Every structure is written in C-alpha cells, then in structure tokens.
Amino acid sequence: MKMSKLFVQTLRDFPQDAEAMSHKLLVRAGYIKKLANGIYTYLPLMNRVISKIEQITREELNKAGAQELSMPFVQPAELWKRSGRWGAYGKELLRMKDRHDVELCLGPTHEEVITSVVDGIVTSYRQLPLNLYQFQLKFRDEIRPRFGLLRSREFIMKDGYSFHGSQESLDEEYQNMWRAYKRIFERCGLETKAVQSDSGAIGGKVSHEFMVLTETQTGEDDVFYCKHCDYSANSNHCTSILNDEITTTRFDKEELIDTPNVKTIKDLAEFLKVSENNILKSVLYIADSKPVMVMIRGDKEVEETKLLNVLCANEIRPATDDEVLEYTCCVPGFVTCFGLENKIKILYDKSIAGMKNFVTGANIKDKHKVGVNFKSDLNFVDVSLSKAGEKCPVCGQPLFVTRGIEVGNIFQLGTKYSEPMNVCYTDEKGENKPFIMGCYGIGITRTASAAIEKHHDEYGIIWPLAIAPYHCVVVPVNIQEPDQKEAAYTIYEKLQKNGVEVVLDDRDDRAGVKFKDSDLIGFPFRITVGKAIKEGKVEFKMRSSKEFDVITIEEAIKRVTEEVLKLNED
RNA sequence: CGGGAUGUAGCGCAGCUUGGUAGCGCACCUCGCUUGGGACGAGGGGGUCGCAGGUUCAAAUCCUGUCAUCCCGACCA
C-alpha cells in the first residue's frame with residue numbers, strides 16, 4: 001500500500017471530546033470516525049486490526065475444536081419472549097417493529113438464536129459436545145457509551161456457545177476455552193488475568209472475566225487479587241475476609257443518647273469518638289418495588305450486584321428520603337433495624353458478625369443508641385464491597401485492587417436457555433434432556449482498544465506486531481531524490497514479495513511529517529531511506545525502541561521478514 | 001434519569017456581554033520555494049452559525065422550545 005493512496009487522515013491535535021488514550025489515538029491516527037454517540041466507522045487501518053484479532057481468535061478456536069458460523073444481527077422478539085428475557089433484559093435491548101408490526105430487536109448477544117439454531121439439528125447425545133462461534137456486530141443501547149471503542153453501543157464481538165450432555169463435559173470445555181483465551185490474548189500482545197465475576201444478565205453460575213489490568217481510570221472494573229495465591233475477583237464477586245479490628249466500644253450498657261443533626265456515619269463517629277466500624281449502618285433499598293433494609297458495618301459499602309443476586313431481584317435502587325420515612329417512620333440518618341423485624345425484610349451483611357456494644361440508630365430523629373448487641377443469632381449474607389487490604393478468602397493474605405478492562409468472559413450457562421425454550425436432545429436412555437450450555441465472549445474492538453491502552457507513548461500507538469494494521473513502513477526522506485526513491489521502491493516490492501504487509505510513504509512531504517505519522521499510526525518497523533543510501537545503507541527502527549541501526553538494504557529486509565515469519569509459527 | 005457544560009468550515013476555536021457585511025489556526029486547491037522530526041511566502045475554495053419559533057428595520061448575538069454531543073453521578077455482558 002502506498003501512503004498517498006491510503007484512506008487515512010491523521011490529525012495534528014488530539015480530539016477534544018476524548019478521554020481515554022486509546023480513544024484519542026484511534027481518532028487522531030485515523031483509525032475510527034464517529035457517526036453517532038457510541039457508533040463508529042472502522043476506517044481501513046482499524047478494519048485491518050480487527051481482521052488480525054479475528055484471525056488469531058479464529059485460528060485458536062478452530063484449533064480448540066470449535067466451528068464458525070454467522071447468525072443474524074436482527075432478532076425476533078418471539079425468541080426473547082420464549083427465554084423470558086424480552087421483559088428482563090432492560091433498555092440496553094434496542095427494540096423495534098417492522099412494517100407488519102412484528103416486534104424485533106438488535107442483537108446484544110445470541111444465546112436465544114444459537115439455541116434455536118441447534119434445535120432440531122442436534123437431537124442425539126452422539127452429536128455432543130458441540131462448540132459454535134461467530135464474529136458478529138452487537139448493539140447494546142448503553143446508558144452512557146464512553147472511551148471510544150472501550151464502551152461503544154455498536155461493537156464487534158466473538159461469541160461462542162457450547163452444548164453438552166453432562167456437567168463434566170461442560171467443565172472440560174470451560175477449561176478448554178480458558179486455555180484458548182489465554183493463547184488468543186497472549187498472541188495479541190496482552191497479558192490477562194482471569195477473575196471470578198458475576199454473570200449478570202447472561203445468567204449462569206460459574207463465570208470468569210479476562211481482564212487486562214490497567215491501573216488507569218480507563219479500566220472500568222475494580223479487580224481484587226491476591227499476590228500469594230491465584231485468587232482474583234471482580235468487585236461484584238469478591239468475598240474478602242475482614243481484618244480483626246476493634247469490634248467493641250466503651251459503651252457497655254445500652255443507652256439512648258441525643259445526637260442532634262448527626263446524620264452521617266463520619267459525623268457520628270466523630271461525635272461519639274468511636275471508629276466507623278463500631279457503628280451499625282442501615283441502608284434501605286427498593287428491590288422490585290419492595291423495601292429491603294441492609295444492615296452493614298459503618299465503614300463498609302453495599303455492593304449492589306451482590307445484593308441483587310441475594311434477593312434474586314430484577315432491579316434494585318437505594319430508597320429515597322421519602323421512602324425511608326414511609327417504611328421506617330424515621331428520617332434518614334437515625335434508622336435501625338430494631339423494631340422493624342416484622343415490618344420489612346432485613347438482610348444482615350457478614351461484616352457485622354462479631355460487633356459488640358455497637359452504635360446504631362434509634363428510629364427517632366436526633367437520637368442514636370449506644371452499647372447495643374444482637375440478642376439472637378443472625379443469618380448473614382455477603383452484600384458488601386471488598387476493600388484493598390482485606391484478606392484473601394483462599395489463603396488469608398491481604399488483597400490488592402487495580403483497575404481492569406474486561407476483554408473476554410466465559411460462562412457456564414447450564415440449562416438457563418435450553419429449558420425455558422424447550423430445546424432438548426435424546427440421551428443414552430432415550431430420555432429428552434435440555435442441553436447444558438456454556439457461553440464464551442471476546443470483545444474484538446475492545447481488545448484492540450485495550451492493546452492501545454497498554455501499548456503507546458507520547459508519540460502514538462505501539463502495536464504488537466501480530467495485530468498491527470501493517471508490519472512495516474518504508475520512508476524515503478526525500479522522494480524527489482532519485483536514489484532514495486528507487487531504493488525505497490525496491491525495498492517495498494521485495495518486502496511485499498516476502499509476505500510482509502508494508503506501506504510505502506511515497507508522499508512528497510517533509511521527513512518530519514512522515515515520521516510523525518508513522519509514529520502516530522504505530523507501524524512496528526520503519527525502514528528509512530536517506531542520505532546513507534549512497535553507501536547502500538538504510539535505517540532500521542522498531543517503533544518500540546528509541547534506537548535505530550544503520551544497515552544494508554538486504555539486512556533490513558531480512559530482519560523485517562524474519563520477524564514477520566516468526567508470527568506465522570504461532 | 002439527576003447535576004454541569006457545549007453546539008459557528010473536515011478538525012481545534014474566537015465572535016455573543018453592548019444586535020448592524022461571519023472570522024482565526026490546522027487541513028484542502030494553485031504557484032513559488034523547501035526536504036532527516038508536523039517549514040515558509042503569495043493567492044484561492046469551503047459555513048442553512050444544531051434545528052424551529054419569537055422579539056426587532058435588522059439576530060451567530062436577545063427570548064422560548066427542541067434536538068444533539070460531552071463531563072460527573074446513578075446504571076451496565
């Protein structure tokens with residue numbers, strides 16, 4: 001490809017409305033162009049990156065025994081009604097009607113479709129296990145798309161689904177996919193950590209997310225991990241053990257005391273000279289229109305995904321001040337569970353276990369109780385957000401926290417779809433059984449973004465060779481110089497013959513322009529043809545390094561070709 | 001959905017307070033000059049000022065509505 005013909009426009013400045021570095025660079029280097037909020041055109045450079053990531057994914061999945069197919073993007077509502085998700089999925093599902101008033105939606109995921117595809121084709125246990133996957137556009141009407149391709153509404157995903165006749169078979173395939181995922185991301189130049197996670201709207205019990213750890217704000221999830229063992233988990237799934245802290249106070253008798261206008265935990269702790277973990281906090285939620293009070297230690301926060309799961313609710317939200325008054329007959333800030341046991345549902349978070357002589361509300365305005373103890377044994381649940389420094393549930397060592405970008409996930413779905421949709425096979429005994437299913441996703445466009453988040457510098461993108469849009473750029477410093485021009489063309493053609501994906505920067509521009517562009521776009525290798533061509537020498541430079549070597553044309557071609565050939569050995 | 005902000009040329013912005021011929025930088029076209037890290041000079045093309053109403057002799061500017069976008073929060077495989 002000649003640079004003069006390449007459909008790309010680099011910008012001198014970073015776009016003003018971009019926050020994440022990958023977003024800024026993708027726009028500035030001419031990879032994407034926004035059409036609408038969260039909807040982007042993938043320009044030729046981006047398209048090539050996407051193809052590379054898809055191809056690596058395809059190779060590894062095929063090697064792992066999966067088969068590629070392609071399912072429709074537009075899906076009928078009827079399918080979603082059969083699985084029960086038409087009502088449950090929420091507003092991320094973009095719904096519409098066709099000219100006959102038939103309800104349709106844009107596919108945010110394909111569990112329903114794949115289940116109906118398999119229906120009638122796979123009828124016997126002899127056909128199992130089976131693993132099918134596709135690369136497909138997804139549309140999720142996100143509340144707030146942001147960070148460019150890291151959270152867009154329209155995106156490309158590899159989604160795969162497996163079908164089994166036993167849990168053992170699913171376990172095996174789950175491990176198989178786990179290994180394939182590790183290889184895929186490794187080949188894409190990304191180190192990932194598989195963390196336990198909540199399975200959310202997809203459903204199922206066991207699930208892991210493959211996270212690229214970032215430590216910048218661009219990662220959207222908090223990941224807890226242990227340095228001493230393998231444990232790691234998303235914040236919505238982390239079950240840390242609390243440290244042994246002071247759990248009692250100097251108040252050894254239960255007493256009602258005046259606390260005028262002391263509403264927050266922080267103020268209360270200061271007012272009474274106790275620590276926040278001596279206070280029993282009451283938080284009122286509305287779960288599917290019903291009130292639920294969560295009792296939790298004062299220094300802890302409620303993890304709403306955990307709460308949602310414990311309640312088996314579809315939707316939860318914190319109660320408004322008016323609702324607190326309605327259900328507890330007390331203004332927020334002075335509420336407690338005592339006396340409300342028979343009125344509303346109360347959950348006791350495990351963080352309050354062992355609290356003695358604690359402080360809590362009195363259900364009376366401007367009053368709290370001190371020296372309180374629970375009279376009977378409680379059933380504890382885990383609905384609190386973990387904190388860095390709390391103990392690993394596996395080995396007891398302190399946990400650390402970092403930010404992460406979720407680039408892939410694997411779920412054990414079980415019969416969540418096959419059962420309600422009544423899609424079955426016949427087993428060895430001639431009985432009809434719903435399929436046991438697994439589901440495996442990789443965000444292709446998000447993976448590209450994550451790669452940029454991890455691999456860039458102040459000048460631009462530094463693509464891992466395997467997913468770069470082109471391997472190499474050849475830059476004649478001055479295309480007007482016949483020697484340079486001729487040599488550049490020769491190198492360009494030889495590299496092409498060797499199977500190297502190469503761009504010749506044949507533009508009649510100053511060298512600075514070409515260097516800036518090649519750094520910005522991120523070609524892994526650059527061969528510069530300058531004055532040294534009179535001695536038959538060129539410069540060989542890697543994007544990832546500041547240094548360059550002055551070597552012969554032949555040597556430069558050899559180095560690039562060898563590196564590219566190494567890729568194919570993977 | 002709540003809070004904040006912004007819509008003026010492909011991109012980045014000024015002009016709006018105090019209404020009176022729509023501007024600047026980059027990009028683009030022509031010519032010259034230049035060619036090792038985003039040169040320079042001269043000339044040129046391109047804008048329903050987000051959209052719709054209203055006030056006014058006159059609206060990018062004032063008023064009302066509306067749409068879109070961005071940031072924070074809530075929320076989210």
Side-chain angles (χ1 to χ4, degrees), chain A residues 8-20 23-24 27-30 33-39 85 88-93 107-111 138-148 150-153 155 157-159 197-204 207-211 217 220-221 234-237 285 304-305 308 315-318 320 405-411 413 439-443 446 458-460 475-481 484-485 505 507-520 526 528-533 538-539 541 546 548 550:
Chain A
V8 66
Q9 185 195 30
T10 56
L11 305 175
R12 191 174 285 245
D13 305 301
F14 281 118
Q16 221 240 328
D17 55 2
E19 190 77 8
H23 185 193
K24 289 180 180 179
V27 172
R28 187 170 165 203
K33 183 171 175 174
K34 185 165 78 173
L35 181 65
N37 191 13
I39 302 178
R85 283 208 295 182
Y89 205 95
K91 288 184 178 167
E92 283 71 43
L93 184 64
T109 177
H110 282 70
E111 284 82 7
K138 303 288 176 200
F139 192 93
R140 292 183 190 174
D141 197 1
E142 298 284 352
I143 295 175
R144 192 175 157 204
R146 58 180 142 178
F147 300 143
L150 278 173
R151 179 167 294 272
S152 51
R153 291 196 293 175
F155 59 100
M157 180 167 164
K158 185 289 294 184
D159 50 326
S197 71
D198 179 69
S199 44
I202 300 288
S207 77
H208 285 85
E209 292 175 347
F210 285 74
M211 311 287 287
Q217 282 308 300
E220 294 188 287
D221 299 303
N234 199 311
S235 58
N236 60 28
H237 202 269
Y285 275 88
E304 295 188 1
T305 306
L308 192 79
E315 191 191 23
I316 57 163
R317 61 173 176 80
T320 63
I405 300 169
E406 180 193 349
V407 288
N409 57 28
I410 52 180
F411 290 109
L413 295 174
C439 133
Y440 319 91
I442 289 180
R446 184 183 277 183
E458 56 187 309
Y459 303 109
V475 181
V477 168
N478 184 353
I479 196 82
Q480 303 278 6
E481 291 284 337
Q484 292 184 22
K485 184 175 176 180
D505 198 340
R507 294 175 298 174
D508 185 14
D509 264 309
R510 300 170 70 86
V513 175
K514 301 185 210 179
F515 292 150
K516 289 282 183 200
D517 276 345
S518 78
D519 287 348
L520 194 55
R526 186 174 84 199
T528 307
V529 184
K531 293 195 177 96
I533 198 62
V538 294
E539 278 163 34
K541 181 179 177 300
K546 295 236 184 305
F548 58 85
V550 181

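Quick note on labels: first sequence line is chain A, next is B, and so on, each numbered from 1. Bear in mind that the values here come from a model prediction, so they are computed numbers and not experimental data.
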A/Arg153 vs A/Asn37 side-chain heavy atoms within contact, under 4.5 Å: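 Yes, their side chains come closer than 4.5 Å.
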Side-chain touch A/Lys541/A/Thr528, heavy atoms, less than 4.5 angstrom: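 Contact flag for A/Lys541/A/Thr528 side chains = no.
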5′-ward residue of the pair A/Gly38/A/Pro318 relative to RNA chain B: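 It is A/Gly38 whose nearest nucleotide is closer to the 5' end.
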Summary of protein contacts for nucleotides 37-43 of chain B, nucleotide by nucleotide, where a base hit scores B, a sugar-phosphate-only hit scores S (4.0 Å, heavy atoms): BBB----
Salt bridge A/Arg151-A/Glu142, side-chain N to carboxylate O under 4.0 Å: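 The answer is yes: the pair qualifies as a salt bridge.
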Under 3.5 Å on both distances, the Watson-Crick or G-U partner of B/rG7: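 Check on B/rG7: paired to B/rC67, both distances under 3.5 Å.
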Nucleotide paired to B/rC24 in any strand shown, Watson-Crick or G-U, under 3.5 Å: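 The base-pairing partner of B/rC24, which may sit in any strand shown, is B/rG12.
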Side-chain donor/acceptor contact of A/Glu539 with base of B/rG36 under 3.5 Å: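 Flag set: donor-acceptor pair detected.
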Heavy-atom donor-acceptor pair, A/Arg151 side-chain to B/rC76 base, under 3.5 Å: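 Per atom types, the contact qualifies.
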Any A/Asn37 side-chain N or O less than 4.0 Å from OP1/OP2 of B/rC70: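 Looking at the OP1 and OP2 atoms of B/rC70, one of them is under 4.0 Å from a side-chain N or O of A/Asn37.
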Spacing of A/His23 atom NE2 relative to B/rC11 atom C1', expressed in whole Å: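 Nearest whole value for this atom pair: 14 Å.
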For atom CG of A/Asp508 and atom C1' of B/rU30, their distance in whole Å: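 So the CG-C1' distance, A/Asp508 to B/rU30, works out to 15 Å.
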Nearest to the [X] side chain among [options], which nucleotide is it?
X        : options                : value
A/Lys34  : B/rC70, B/rC71, B/rU35 : B/rC70
A/Gln480 : B/rU35, B/rC71, B/rA74 : B/rU35
A/Thr528 : B/rG36, B/rC70, B/rU35 : B/rG36

Nearest-Å distance once atom P is located in both B/rG45 and B/rC57: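 The same atom, P, in both gives a distance of 36 Å.
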